[in-house]
Every structure is written in C-alpha cells, then in structure tokens.
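Below: one structure, written as structure tokens.
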Amino acid sequence: MNGFDENDAFEAAAPLSQRAMAARPQPYLDDLNPAQRAAVLALDGPVLMLAGAGTGKTKALTARIVHLLNTGKARPNEILAVTFTNKAAREMKDRVARMLGQVEGMPWMGTFHSISVKILRRHAELVGLKSNFTILDTDDQLRLLKQLIVAANIDEKRWPARMLAGLIDTWKNRAWTPQKVPASEASAYNNRGTELYDQYQARLRALNATDFGDLLLHVVTIFQTHPDVLAQYQRWLKYILVDEYQDTNVAQYLWLRLLAQSHRNICCVGDDDQSIYGWRGAEVGNILRFEKDFPGAEVVRLEQNYRSTPHILAAASGVIASNAGRLGKTLWTDRDEGEKVRLIGHWDGEEEARWIGDEVESLQRGTRGLEPHGLDDMAILVRASHQMRAFEDRFLTIGLPYRVIGGPRFYERLEIRDAMAYFRLAVSPDDDLAFERVVNTPKRGLGDKAQQEIQREARAHGVTLLEGARGLLARAGLGGKGAGQLRGFIEGVDRWHALTLTPHNHIALAEQILEESGYTDMWQNDKTPEAPGRLENLKELVKALEQFENLQGFLEHVALIMDNETEEAAQKVSIMTLHAAKGLEFPIVFLPGWEDGLFPSQRSMDESGLKGVEEERRLAYVGITRAEELCTISFAANRRVYGQWQSALPSRFIDELPEAHVDVLTPPGLYGGGYGAAGIASTSMDARVANANVYNSPGWKRLQDRASTRPVSQPREQRNVTIDLDAVSSFTLGDRVFHQKFGYGAVVAIEGDKLDVDFDKAGMKKIVARFVVAASQADDVPF
DNA sequence: ATGGCACAGCTTTTT
DNA sequence: GCTGTGCCAT
C-alpha cells in the first residue's frame with residue numbers, strides 16, 4: 001500500500017534465468033482488442049498509447065508489464081512504471097499482482113514523488129542533504145517562507161507568503177533551480193523572488209528538508225550533474241511506462257527523458273483531451289510533442305469505449321471538437337443507443353439543487369425505462385467546491401445520504417498535523433519545525449515572547465530549539481508560569497524520545513504522547529462542533545499506525561502516501577469536483593452549474609485566455625465521459641455568489657453540444673410547473689430584473705426553441721417516508737442536539753421525522769431526525 | 001497571552 | 001456570505 005518501501009529496484013541483480021521463460025502461455029492477450037494488443041506487443045522503442053476515456057488503458061498497461069516479464073525481455077526490477085497518484089499506483093500494483101501471482105518479484109511501480117524519494121535518499125549528499133531528510137508539507141513550507149519574508153523586511157500584506165510559495169512551485173515545476181531562473185522572472189514577487197527562492201533553498205538544506213517540488217528537482221539535478229549515477233539507473237531500468245502522460249510538467253518530463261534517452265524503451269499513456277492540470281504546471285505540449293522527442297515512436301490509439309452510450313460519447317466528442325491542436329481520436333462504442341444527454345435550465349441554484357435531489361430520488365425508484373439505481377451509481381460533478389454547498393444543504397434537508405469526495409486530505413488536517421508534530425518530536429527531538437508547531441499547543445502560556453526567547457537562546461548557542469529551551473530554563477531566563485509548563489513539555493519530549501529508543505509498542509506510545517501532552521484533552525474540552533470529528537480523526541490516525549512497525553516507519557512514509565479513503569458500506573450519492581472525478585465512472589452523472597463565468601471559469605479565461613477556455617473544455621469532456629448511462633447537464637439563471645445574487649448566461653459549452661444527442665427538458669421554474677413559483681417568490685427583486693435580460697438572451701431563446709414539450713418533472717409523488725420511530729420518539733421540544741455539520745442546537749418543532757432545530761451557530765434548519773444525535777451523546781465521544 | 005473584532009479574499013489540487 | 005488572518009484591547 002505504500003508507494004516506495006517495497007519493490008527495491010536496487011537489489012543485487014539476479015542471474016538472467018528469466019530469459020529462459022519465453023514460452024509461457026499468454027492468456028492476457030486474448031482479452032485485448034486489436035488496438036490494445038498492438039500497444040502491448042510493441043515492447044521495444046518509444047510507444048505513445050493515446051487512450052481515450054473508458055478505453056481500457058489500465059488493462060493494456062498492466063498486460064504490457066506482464067508481457068515484458070513473460071517474454072523474458074525484462075526482469076521485474078528492470079521495469080519502472082510511474083503514475084501521478086498513489087491511488088493509480090495501487091491499482092496498477094493490484095492488477096499486476098493478480099495477473100502474475102505471488103511467485104516473482106514485482107516491478108518498481110509508484111508515483112513520481114515516491115520513486116524520487118527513494119532515489120534521493122540514496123544520493124542525498126550529491127545535493128547537500130543527508131539521506132534521512134524530512135519532507136515538508138505545505139503548511140511547514142508556508143511558515144518557513146513567512147520567516148524569510150519577515151526577515152527580508154517585506155510587507156507580508158502586499159506580498160503574501162502564498163504568492164511566493166506558488167511562484168517557487170511554478171519554478172520548480174519547470175525544473176529551475178535558483179541559479180536557473182531566467183532573467184525574465186527577475187521582477188517576480190516585487191523583484192525579490194529569485195533572492196528569496198535562493199534563501200529558501202539554503203534554509204531547507206540547513207534543516208535537512210525538502211518540499212514536494214524538490215523531490216523531483218533534486219533528482220533531475222543529480223541526473224544532470226552526475227552522468228555516472230544516471231548511467232547506472234539507465235542500465236537498471238530498461239523499460240519505462242508512464243501513466244497520465246498529458247499531466248506531466250517540465251521537471252517530470254526531464255526526469256523521464258533523462259532515464260529513457262539511452263534505451264528509449266518508454267511507453268507513455270495518456271489522453272491530450274483529458275489534460276486538466278495546466279494550472280499546476282502540466283504541459284499538454286509534452287504529449288503533443290512526443291513523436292518529435294522520440295523519433296520513430298509508434299503511436300497506438302485506443303478508441304473503443306467500453307463505458308458510455310453513443311449519445312454520451314457523441315455529446316462529449318462534439319464539445320471537445322472545438323479545441324485546436326488535438327492529436328485527434330474518434331471514440332466509438334458498440335453499446336445500445338441509450339438516453340440522450342439531458343439539458344435543463346433553472347431559475348436559480350437552489351432550484352437546481354432541489355431538482356437534482358428529486359431526480360436522484362426518482363432514479364432510485366427507477367423511472368423512464370431506467371432500472372432502479374443505488375445511490376452509489378450517481379454522482380454530482382461540480383466545477384468549484386463552493387458549488388457543493390447547495391447540494392449538501394438540500395440533501396440534508398430531504399435526508400438523502402451523500403458523500404463529498406476530496407476536500408482537505410486527512411493528513412492536512414490541523415489535528416493530524418499537530419499529532420504528527422508530536423510524533424516527529426518524539427522520534428527526532430531536533431526537529432525544530434515540529435517543536436515550533438506544538439510547543440504552545442495546547443496552550444502552555446508560551447506565546448510569541450517566550451518563543452522568541454527560546455529562538456534567541458538556541459541561535460546564540462547554535463543548538464536546536466529544544467536544547468535552547470533547556471538552556472533557557474537552566475539559567476532561569478524565563479519567568480512566570482510559562483517556565484514550569486515548558487519544563488513539563490521538555491520532560492515529556494525526553495521521556496517519549498527515550499521510549500522510542502527502547503523496544504516498545506508504538507501504538508501505545510502514540511496514545512501516551514497524545515494523552516500526556518494534553519492534546520487529546522484539548523479537543524475533549526473544546527465545545528465547537530468540529531471537536532468530535534477531530535477526536536475521531538485522531539483515533540483513525542492511531543489506527544493507521546497499526547500498519548507500520550514503528551513511529552519512524554510511519555513518519556517516513558506518511559506525507560506521501562496517506563489518503564483519506566474510507567470505504568463505507570452505506571449507499572450514498574457522490575459529490576465532487578470535476579478534477580476529482582477524473583478516472584472515475586458512474587452510471588448516472590449530473591453536471592450542474594454550466595454557466596459562463598462559473599464554467600468555463602472566469603478566472604481561467606482571464607488568466608489564460610484561449611488556452612484557459614480549452615482546458616475548461618477538456619474539463620467538460622472529462623465530466624461528460626464519466627457517465628455510463630445517463631448524463632444531465634444543467635445551469636441556473638441566478639446564483640448567489642459570495643452572498644450577492646448574480647445572473648449568468650448558459651455556458652458556451654452548451655452551444656457546442658450536438659443537438660441530435662441532447663434532450664432539452666422543460667425548466668420547472670420557467671413554466672410555472674412544480675415548485676417553480678416558490679423559487680421565484682424567494683428570489684430578490686434585483687435578481688428578477690436582471691433575469692428579464694437573461695430570458696431575452698440568445699442562450700435562452702435557443703433553449704426555448706429546442707425545448708421538447710415533454711416536462712420531466714412529473715407532479716411529485718408522495719415520497720415514501722420511512723419513519724424511524726426510535727429517532728422520532730427520542731426527541732422532544734427543547735432537546736439539545738448535535739449535528740455533524742451544524743453543530744449544537746435546540747429542537748423547536750417536530751413534524752414527522754423532520755425536526756426544526758435552532759442551531760447555536762447555523763441558525764434555524766429543518767433536519768431529518770436521523771441526522772442528529774442528542775447533545776449529551778456528542779459530548780463524550782471517547783478517544 | 002489571549003480573546004474579540006474588523007477586514008480581506010475567495011478555482012481547480014497531487015505529492 | 002463565510003472563513004481565516006492579523007491586530008488591538010484586555
């Protein structure tokens with residue numbers, strides 16, 4: 001499960017016995033279509049596998065790995081397979097393992113970053129690091145930059161640390177070390193970008209630390225400056241496979257090219273139409289240029305789609321056709337025609353959410369010739385995460401179970417980072433960043449003043465912060481109650497550190513640290529609605545430790561591999577961003593918010609112009625091609641944006657949908673049907689005025705012309721409400737309750753299974769009873 | 001040292 | 001409209 005601790009590619013080479021295994025059966029080839037087979041059989045030389053959405057590229061990729069082994073072309077440790085995400089790496093490993101059986105070693109498979117870490121640990125000294133360097137997360141990085149900014153006397157208000165972090169990230173993505181940043185960038189960050197970048201790198205080196213960008217950059221630097229080291233890897237890694245090639249940035253491109261340039265056995269898989277990460281440095285150019293970079297490359301197109309109906313594919317193809325400079329693919333399928341892509345406009349965002357909620361419920365029952373579908377079969381894909389709120393609110397109100405995919409990563413959460421800092425400190429007491437993070441968390445009366453004293457003491461004696469603090473206490477340089485607290489903190493760290501050096505149960509130790517430090521107590525005494533969730537996360541963290549032998553092992557890997565996928569049994573609708581949806585598929589997909597400015601996003605257009613629109617268009621393509629059976633696109637005339645009502649025109653992408661494959665539904669609000677009237681009544685006067693224009697716009701005119709007369713919204717059936725007697729009977733007026741999202745509140749009305757709750761923070765909400773618990777139960781969430 | 005208040009800023013996100 | 005941040009008053 002972890003990216004790079006297994007599969008050691010550097011073990012002593014085994015004798016070449018594998019070459020004798022050439023005549024193995026090859027059942028995996030029978031499963032492939034002609035294009036896939038061609039991609040698998042072309043083992044030598046550069047290969048570009050252009051794999052459209054849903055065309056079975058992972059299958060082809062894994063078959064290729066197995067074929068390399070089966071034909072005796074390569075031993076497991078001579079194959080390198082690179083992916084972007086841990087999830088993709090895991091999937092590939094699982095599939096290869098299943099096809100190979102347990103007997104032989106596994107090829108080296110992992111993310112760019114995990115593979116880079118492994119290489120870097122072996123050659124750290126070549127870039128001025130020790131091999132046990134730590135990897136900083138974004139938060140550590142930001143705090144470090146802030147220190148530098150303050151020291152450089154720069155107004156942090158006008159020149160935020162985040163801006164500098166973004167800049168450095170961009171430079172690293174382009175494989176620019178401080179020395180290589182071109183002169184044209186000299187004006188960046190108030191003319192001081194390069195200078196601060198240089199200082200930042202020096203600081204990282206002093207801390208024996210790297211950030212994520214460094215992992216790749218350092219490896220590229222090593223390869224470029226030490227030909228002997230590079231040659232060694234080129235000899236080892238005879239066959240290279242790369243997934244999602246369209247998302248590589250310059251640093252990753254160089255990394256690959258350096259490794260592959262001698263033997264040229266590189267197989268890149270990707271889809272130029274699904275390049276959606278330009279804003280974080282991905283260069284579509286890499287895939288478009290492949291044949292130039294690797295002359296004589298074989299290009300294989302996987303075009304048979306096994307996922308979607310013809311209407312869905314045609315709609316997606318119609319949209320993406322407007323992009324220029326594509327490599328070009330024509331997806332086809334032998335599936336039955338199925339439903340057309342549905343298009344519907346709404347009065348406002350809330351109505352859109354209401355409508356989708358109702359649709360989900362009727363699709364659950366099975367309507368319009370579709371079999372009933374479970375909630376796991378349905379997804380709502382939005383452009384920006386703030387769009388999720390409307391759906392969450394609505395679904396909570398009607399009691400529709402949902403899950404939000406994405407959001408803050410588990411290891412990025414405050415409480416997880418705090419806990420990790422304690423663990424880091426226990427393992428290596430000289431970790432100054434960790435010390436800084438938790439010395440006053442929970443509050444120990446050691447504020448800025450005291451911490452500055454510690455810093456000064458440490459710097460004066462050239463020691464770590466922990467030692468500085470010790471020295472300060474020894475010469476009684478710290479007054480007040482802070483001193484006693486600090487002494488307790490230091491004793492704690494010493495005690496925990498001593499324990500890590502003896503045989504111990506690391507899970508018990510972790511619990512002990514969180515207890516003795518007062519960290520668990522801190523959240524137990526916290527009455528905010530988030531506190532129970534945080535305690536829950538801490539429990540999960542401790543549980544995650546089980547998979548490791550000790551704290552060191554855990555910390556070593558956690559920054560790169562920890563994700564927050566928890567398999568839940570209950571059926572739920574998924575809500576996620578279009579970006580998060582890449583690689584996934586659902587029978588039923590809703591694509592709300594197709595309005596100019598929102599999608600395509602205004603900012604993307606402002607910043608990147610035509611290129612921006614093209615990337616947004618690819619996002620639309622990704623969205624539509626997630627759907628297997630039914631795809632519903634919608635937009636709203638009005639939407640509350642940052643609290644202001646705003647009107648928008650239907651997205652330009654809607655105009656690009658080929659009419660023959662689209663079914664235009666009658667908007668419930670516009671024609672007075674359903675609950676439209678209520679929607680209008682709840683809208684402000686301003687919005688209505690603004691809307692008069694919207695409905696006269698060419699977009700709406702077109703819609704009305706094309707609208708079929710068949711209204712989708714049948715008069716609402718009586719919903720089958722299963723009343724949970726336990727839930728209803730357990731609350732009475734005035735009860736204090738707790739809700740995951742809204743926090744604490746009091747029940748002010750009960751109506752069937754629905755409660756009116758006046759929340760302390762969130763105000764009045766109608767809530768289905770099973771979504772709240774009695775407040776008393778929420779208070780003692782055990783740790 | 002800390003809690004409260006005013007103010008800015010606000011896509012997408014992996015490692 | 002909401003949230004996170006920084007400054008000021010306690």
Side-chain angles (χ1 to χ4, degrees), chain A residues 3-4 82-89 110-117 135-138 141-142 146 155-158 160-163 166 169 172-173 210-217 244 247-249 251-252 275-282 381-390 393 405-409 411-412 414 440 442-451 480-482 485 530 557-563 576-583 593 597-608 612 615-616 618-619 622-623 639-646 761-763:
Chain A
F4 50 86
V82 196
T83 63
F84 273 82
T85 62
N86 289 305
K87 200 172 144 199
T111 63
F112 275 102
H113 290 86
S114 67
I115 291 165
S116 297
V117 169
I135 303 161
L136 301 191
D137 64 21
T138 335
Q141 190 187 355
L142 231 42
K146 247 177 218 172
D155 179 6
E156 214 222 305
K157 269 261 169 66
R158 285 188 58 200
R162 282 181 51 185
M163 185 195 252
D169 202 47
K172 287 185 176 176
N173 284 340
T210 70
D211 60 20
F212 282 118
D214 279 342
L215 298 177
L216 291 157
L217 185 56
E244 306 277 16
D247 287 332
T248 47
N249 60 36
Q252 287 155 339
S275 168
I276 55 175
Y277 286 110
W279 50 272
R280 67 171 201 220
L381 312 182
V382 298
R383 175 64 183 85
S385 47
H386 63 77
Q387 289 173 262
M388 294 179 180
R389 242 195 103 120
D393 281 352
I405 306 216
R409 295 267 157 296
Y411 59 83
E412 283 171 4
L414 177 83
N440 199 30
K443 299 269 183 295
R444 295 191 177 91
L446 300 162
D448 281 349
K449 198 90 179 285
Q451 289 189 44
K481 44 186 179 257
Q485 292 259 44
E530 298 87 48
H557 296 147
V558 76
L560 291 175
I561 56 146
M562 198 146 169
D563 44 35
M576 68 187 94
T577 63
L578 287 161
H579 285 90
K582 194 162 91 156
L598 182 57
F599 187 43
S601 112
Q602 193 60 48
R603 188 150 159 191
S604 178
M605 294 189 286
D606 291 347
E607 282 175 7
S608 314
E615 180 151 316
E616 297 282 307
R618 291 193 289 268
L619 214 37
V622 167
R639 206 174 277 284
R640 234 197 308 232
V641 187
Y642 305 137
Q644 302 288 85
W645 279 100
Q646 284 188 7
K761 299 215 157 145

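Note on naming: letters A, B, ... go to the chains in the order of the sequence lines (proteins, then strands), and numbering restarts at 1 for each one. The basis for the numbers below is simple: all heavy atoms, side chains too, and nothing from hydrogens, waters or symmetry mates.
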- Within a radius of less than 6.0 Å around CD of A:Q602, do more than 12 heavy atoms belonging to other residues, nucleotides or ligands occur? yes

Whole-Å distance separating the [atom1] atom of [X] from the [atom2] atom of [N]:
X: A:H386; N: B:dG9; atom1: NE2; atom2: C1'; answer: 13 Å
X: A:L136; N: B:dT15; atom1: CG; atom2: P; answer: 17 Å
X: A:R444; N: B:dT2; atom1: CZ; atom2: C1'; answer: 16 Å
X: A:Q602; N: B:dG9; atom1: CD; atom2: P; answer: 19 Å
X: A:I276; N: B:dT11; atom1: CD1; atom2: P; answer: 18 Å
X: A:I405; N: B:dT14; atom1: CD1; atom2: P; answer: 12 Å
X: A:Q485; N: B:dA1; atom1: CD; atom2: P; answer: 12 Å
X: A:N173; N: B:dT13; atom1: CG; atom2: P; answer: 16 Å

- Query: How do A:H579 and A:Q451 order along DNA chain B: which one's closest nucleotide is nearer the 5' end?
  - Reply: A:Q451

- Please report the C-alpha distance between A:R383 and A:H579 in whole Å, then the side-chain angles of each, then the deciding distance to 0.1 Å, and finally whether the side chain to side chain contact (heavy atoms under 4.5 Å, CB included) criterion is met. CA-CA 8 Å; A:R383 175 64 183 85; A:H579 285 90; 3.8 Å; yes

Categorize [X] for me: base, sugar-phosphate, or nothing, with a 4.0 angstrom heavy-atom threshold over every strand shown.
X: A:S385; result: sugar-phosphate
X: A:E244; result: nothing
X: A:R640; result: nothing
X: A:S601; result: base

Report the nucleotide, chosen from [options], that has the shortest atom-to-atom distance to any side-chain atom of [X].
X: A:T85; options: B:dT13, B:dT15, B:dA1; answer: B:dT15
X: A:N440; options: B:dT13, B:dT2, B:dT11; answer: B:dT2
X: A:K443; options: B:dT14, B:dT2, C:dG6; answer: B:dT2
X: A:N86; options: B:dT15, B:dA1, C:dG6; answer: B:dT15
X: A:W279; options: B:dT12, B:dT11, B:dA1; answer: B:dT12

- Just wondering, do A:Y642 and C:dC2 stack (centres under 5.5 Å, planes under 30°)? no

- Message: Are A:L142 and A:R162 packed together at the side-chain level, in the sense that at least one heavy-atom pair is separated by less than 4.5 angstrom?
- Response: yes

Check for a donor-acceptor pair, side chain of [X] on one end and backbone N or O of [Y] on the other, with a separation under 3.5 Å.
X: A:Q485; Y: A:G445; answer: no
X: A:N440; Y: A:L446; answer: yes
X: A:H113; Y: A:L215; answer: no

- Message: Just N and O in the side chain of A:R603: are any of them under 4.0 Å from OP1 or OP2 of B:dT11?
- Response: yes

- Would you say A:S604 reaches B:dT12's phosphate, i.e. side-chain N/O to OP1/OP2 under 4.0 Å? no

- Task: Would you state whether a donor and an acceptor, one from the side chain of A:R383 and one from the base of B:dT11, lie under 3.5 Å apart?
- Result: no

